[in-house]
Q: 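First the structure, which I've put down as structure tokens, then a few questions once you've had a look.
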There are 2 protein chains.
Amino acid sequence: MERQTPVSPPGKLKIINAMRTLLENRTFESLTISEIAVTAGVTEGLIYKYFKDKRDLLHHVLKEHYQLFLVQIERDLQGIDGALNKLKKIIWSSIERYANHRVFARIILLEVRNSEEYFQSEAYDLVRRFNHIIIDIINEGIAAGEIREDLPAGYIRNAIFGTIEHSCLNRVIFNETVSTNDAAKLITDLLFHGIKRSCNGSLPSL
Amino acid sequence: MERQTPVSPPGKLKIINAMRTLLENRTFESLTISEIAVTAGVTEGLIYKYFKDKRDLLHHVLKEHYQLFLVQIERDLQGIDGALNKLKKIIWSSIERYANHRVFARIILLEVRNSEEYFQSEAYDLVRRFNHIIIDIINEGIAAGEIREDLPAGYIRNAIFGTIEHSCLNRVIFNETVSTNDAAKLITDLLFHGIKRSCNGSLPSL
DNA sequence: AAGTTTGGTAAATAATATTTACTTACTATT
DNA sequence: AATAGTAAGTAAATATTATTTACCAAACTT
């Protein structure tokens, strides 16, 4: 028995593409199934053949985005040595992603988290995988003496992502534009050296 | 012409209380207007007399919560000198609030941000006011030489709230329980001194 | 060639947010 | 005291929209 290449039927692809297109200018909640169906050129019923409900369709689109992002991140990290250097790169990549994919920034930061199903979805599985990557790097840094050992790795991860997300949130909500490089540099510096003024605080060696 | 004390009619109060009660165990989206009306002991129509829509009712409940929180914060800060000490207290108060008001933590962190109206609501006005307080403290700290002057105040604020919110998010989603004091201490230490291991990093003087 | 799966349609259903038209009671004014 | 006006509240109608159901046709299996 050969394994069939599970190529998606055209209708399914059209639905997914329509969803992505509509999300470009519209909020998830404001989209109606009928609208999605019309844009995709299929009937409403077909959407429910391939997706459990409207949210499930969103999660699918999001999952595809995360898949690309994870590939990109793995690639970005190649050839970089040292936990702090890796974290620095991850911070940059994350900010760059939010800046260049405003739609997904909006969805991820604002629109998807208010359903319990999201945290059970395959999309969120990929978020977990990403988290693991970070935690591993942090632990590597602690073991190597690069990162303080008196802070739990989970808190460090929360600080990194909390800071990034909160910073990007303002950009999403109020449509501000900031240079990715500047933001990444500032956030890295802040998280690595802290906000307190001290003997070595203002001269980041990195 | 005397100014009338604008005392809320009983129906309105019943609606607000019903909403608060229902939110205790239920997610906002899952609540129906009819359910809220039945719980409040009023008819559905009355809800629309006092609130523009379901969301507006949520924003009202949230606003009342923020009002109490702001009063509490102002009080918490009294008698504390030094920007870093004030920030430390604010971090503690914020974490304490999320820990002791899990319902509002859920609403604020997950359920309310996916509507544009929220960012125009009176509830969000109070968030802005809170933000101003923080920014002022940060600038005070920079002026006094307590806080690094090469980091924009906005980024510092984002780091503080991003870290707090991200940390509390995990607790809300996965129902973890962590001691407020421990979390506050760790987060403060992390933000003040950074994650990088350095000569003075592991011996916080605060 | 018969049976079964797959891609797809079209209309019915059901849930539920919101509106409308209407009552009743109170408050102020002359 | 009569009346106009307003605020609190009701009950039912409406309208939107997600979701389900029943059905069709082509393709694939054996």
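Below, chain A is the first sequence line, B the second, and so on; all start at residue 1. Everything quoted here is computed from the prediction, not taken from an experiment.
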Q: How close or far is atom P of C:dT16 from atom CD1 of B:I36, stated in whole angstroms?
A: 12 Å
Q: Would you please classify the geometry between the A:F119 ring and the B:F174 ring as parallel, tilted or perpendicular, with 30° and 60° separating the classes?
A: perpendicular
Q: Is any side-chain N or O of A:Y50 closer than 4.0 Å to OP1 or OP2 of C:dT6?
A: no
Q: Does the ring centre of B:Y98 sit less than 6.0 Å away from the ring centre of B:F69?
A: no
Q: Using whole Å, what does the distance between atom P of nucleotide C:dA15 and atom CD of B:E35 come to?
A: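 It works out to 14 Å between those atoms.
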Q: Name the nucleic acid region contacted by B:L31, choosing base, sugar-phosphate or nothing; use a 4.0 angstrom heavy-atom cut-off, strictly under.
A: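 Sugar-phosphate contact only - B:L31 comes under 4.0 Å of backbone atoms but never of a base.
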Q: Hey, are A:E165 and A:R113 close enough for a salt bridge, meaning a charged N less than 4.0 Å from a carboxylate O?
A: yes
Q: When the distance from CD1 of A:I15 to C1' of C:dG7 is rounded to whole Å, what number comes out?
A: 10 Å
Q: Without decimals, in angstroms, what is the distance between B:L57 CG and C:dT18 P?
A: 11 Å
Q: Across nucleotides 19-26 of chain D, 5' to 3', mark each nucleotide with B, S or - according to how protein heavy atoms within less than 4.0 Å reach it.
A: BB------
Q: Could you tell me whether B:T32 contacts a base, only the sugar-phosphate backbone, or nothing, with contacts defined as non-hydrogen atoms closer than 4.0 Å?
A: sugar-phosphate
Q: Send over the distance from A:K12 NZ to C:dG7 P, rounded to a whole Å.
A: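 Value for this atom pair: 9 Å.
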Q: Taking the six-membered ring for Trp, is the centroid-to-centroid distance between A:F161 and A:F130 below 6.0 Å?
A: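 Yes.
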Q: Do B:W92 and B:D76 meet the criterion of a side-chain donor-acceptor pair at a distance under 3.5 Å?
A: no
Q: Whole angstroms only, please: what is the CD1-C1' distance between B:I47 and D:dA11?
A: 14 Å
Q: Would you say the side-chain atoms of B:N131 and B:R128 include a donor-acceptor pair closer than 3.5 Å?
A: no
